[in-house]
Structure formats: structure tokens, C-alpha cells
Chemist: 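Have a look at the structure that comes next, please.
Here the structure is a predicted model, which is why all the values come from computation and not from measurement.
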Amino acid sequence: MKMSVAVDIKTVKAIMQNHKIFDQNVQKQLEKITNRSLGKISRGAKQRVSSRGVRVNSGGRKLDLKSRITVQRAKLSKGRAGGIVWSKAPHSHLVEFGTKSHILVPEGKTIKIGDNFVSGPIKHPGSKPKPFLQPAYLQERKVYIDNIKAAVRAETEKKR
């Protein structure tokens, strides 16, 4: 599940889209501020995910959400003015947004649930949402916007 976050504040969006108008030092500072915020969002998301330890499937692939939250860092020199924090786990959206009640139809004759073997269709009661990415972003958003504005304000005041 990728969660791409577009900042809707016009000034910050305009700054990051037009970062080339600033000198190299300011560009590095903008990149550093962005990457610092991406790291904080990632750490916040990992803290919000409940984990029973790192579990792996029979092929050795990690199944837990915490170890699969990843960051694509901003790199202004390569044209990436923003970054992405996402979870590589295929069931991330089910945890973030929850699920409705639904019927599971096992492919084989029986499946094991806990210590019991069950056959035939099974009614899953659904699950409540347990958001981890969105709250992490919302917690860091204001700090990120304020830091970007402060960096640009400091640069523009130097040129006056």
C-alpha cells in the first residue's frame, strides 16, 4: 500500500515545484527538511503498528507490517521534490482502513484456524480500522510545512 501525500498548502507546493530558483545550499536544506520529515513519518507509522515480532512465511518472506514500511527519499538533483512512505505488505490497506464482514471460501477441503480444522465457507466478522500511516503523516505535517516556510523566508530575507 503506497500512501502518496500531496501537500495542499499552495505556498509549500509552489516552493517544492520551483526549487530550482534557489541556490544549491537552499535546495540541500529543502531536501534535508523533507527527508527528515519522511523519516519521522516512517518512525511514527512503525510505532503505531502493533507487532507480535517478525514473522516469516514458508518462503522466508517477512509478513509483519513494521518491518515492511519503507521510505523513498526526496532527491532534488534527480527531480524528486517529494518522497513516499509506504508499506510493502500486501495487507497494509486492510489494517489501515479495516474490512467489512465477508465470506471466506477455502480452496482446499479444510483450513486450520487456531487449533481447529474447518471446512466449507466461513463468515469473517471483518475488522476495525487501525490507521498507522495517516496519523503519522498528520502529526508531522505542520512541522514540515513550518520548516519549509522558515527556510524559504530566511533565504528571501537574506537577499533583501
Chemist: Measure across T34 and G82 and return the closest heavy-atom pair with its distance rounded to 0.1 Å.
Modeler: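 What the structure gives for the nearest pair is CG2-CA, 4.4 Å.
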Chemist: Output yes when a side-chain donor or acceptor of N147 lies under 3.5 Å from a complementary backbone atom of I33, and no otherwise.
Modeler: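 No, the answer is negative, given that no donor and acceptor are paired below the 3.5 Å cut-off.
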Chemist: Report yes or no: does S101 contribute a side-chain atom to a donor-acceptor pair with the main-chain N or O of H124 at less than 3.5 Å?
Modeler: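 Looks like yes, one N/O pair under 3.5 Å.
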Chemist: Return the set of residues passing side-chain hydrogen bond (donor to acceptor under 3.5 Å, both in side chains) with D146 (not counting sequence neighbours), or none when no residue passes.
Modeler: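 Scan of D146 (side-chain hydrogen bond (donor to acceptor under 3.5 Å, both in side chains), adjacent residues dropped) gives K142.
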Chemist: Do S127 and K100 come close enough that some side-chain heavy atom pair is under 4.5 Å?
Modeler: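 Side-chain contact under 4.5 Å: no.
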Chemist: So which heavy atom on G44 is nearest to which on A136, and how close?
Modeler: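 Minimum heavy-atom contact is C-CB, 3.8 Å.
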Chemist: Let me confirm one number: the OG1-CG distance from T99 to L94, rounded to the nearest 0.5 Å.
Modeler: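 Between T99 OG1 and L94 CG, I get 6.5 Å after rounding to 0.5 Å.
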Chemist: Could you state whether V71 and L138 fall into the same hydrophobic cluster, counting links through intermediate Ile, Leu, Val, Met, Phe, Trp or Tyr residues with side-chain heavy atoms under 4.5 angstrom apart?
Modeler: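 Same cluster: V71 reaches L138 through Ile, Leu, Val, Met, Phe, Trp or Tyr contacts under 4.5 Å.
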Chemist: Which heavy atom of R73 sits nearest a heavy atom of L38, and at what distance?
Modeler: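 Heavy-atom minimum between the residues: CA-CD1, 4.1 Å.
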Chemist: If every non-hydrogen atom of V49 is compared with every non-hydrogen atom of K66, which pair is closest and at what distance?
Modeler: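 Reported closest heavy-atom pair: O-CE, 3.9 Å.
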Chemist: Could you walk me through whether Y144 and K40 pass the side chain to side chain contact (heavy atoms under 4.5 Å, CB included) check?
Modeler: CA-CA 10 Å; Y144 170 68; K40 287 181 181 179; over 6 Å; no
Chemist: Do T70 and V85 have side chains that approach each other closer than 4.5 Å (heavy atoms only, starting at C-beta)?
Modeler: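 They are not in side-chain contact.
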Chemist: With rounding to the nearest 0.5 Å, note down the distance linking CD in E155 to CG in L30.
Modeler: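 Reported to 0.5 Å precision, the distance equals 9.0 Å.
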Chemist: Using side chain to side chain contact (heavy atoms under 4.5 Å, CB included) as the criterion, list what pairs up with P135, not counting sequence neighbours.
Modeler: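 In terms of side chain to side chain contact (heavy atoms under 4.5 Å, CB included), with neighbours along the sequence ignored, P135 is linked to R48, E96, P131.
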Chemist: Output the distance between atom NE2 (H102) and atom CD1 (I122), rounded to the nearest 0.5 Å.
Modeler: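 Those atoms lie 10.0 Å apart.
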Chemist: Tell me the closest heavy-atom pair linking P121 and I103, and the distance in Å.
Modeler: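 Looks like CB-CG2, 3.8 Å.
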Chemist: So, taking the atom named CD in Q134 and the one named CD in Q139, what distance separates them when rounded to the nearest 0.5 Å?
Modeler: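 Reported to 0.5 Å precision, the distance equals 13.0 Å.
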Chemist: Between S87 and S92, is there a side-chain donor-acceptor contact under 3.5 Å, judged purely by atom types and distance?
Modeler: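 S87 and S92 do have a side-chain donor-acceptor pair below 3.5 Å.
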Chemist: If you measure from OG on S37 to CD1 on I145, what distance do you get to the nearest 0.5 Å?
Modeler: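 Between S37 OG and I145 CD1, I get 9.5 Å after rounding to 0.5 Å.
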Chemist: Looking only at non-hydrogen atoms, find the nearest pair between L65 and F132 and report the distance.
Modeler: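 Smallest interatomic distance, heavy atoms only, reads CD1-CE2, 4.0 Å.
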Chemist: At what distance, to the nearest 0.5 angstrom, does CD of Q27 lie from NZ of K32?
Modeler: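 Here the rounded value is 15.5 Å.
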Chemist: Applying the 4.5 Å side-chain criterion to the ILVMFWY set and letting contacts propagate, would V118 and L104 be lumped into a single cluster?
Modeler: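 Same cluster: V118 reaches L104 through Ile, Leu, Val, Met, Phe, Trp or Tyr contacts under 4.5 Å.
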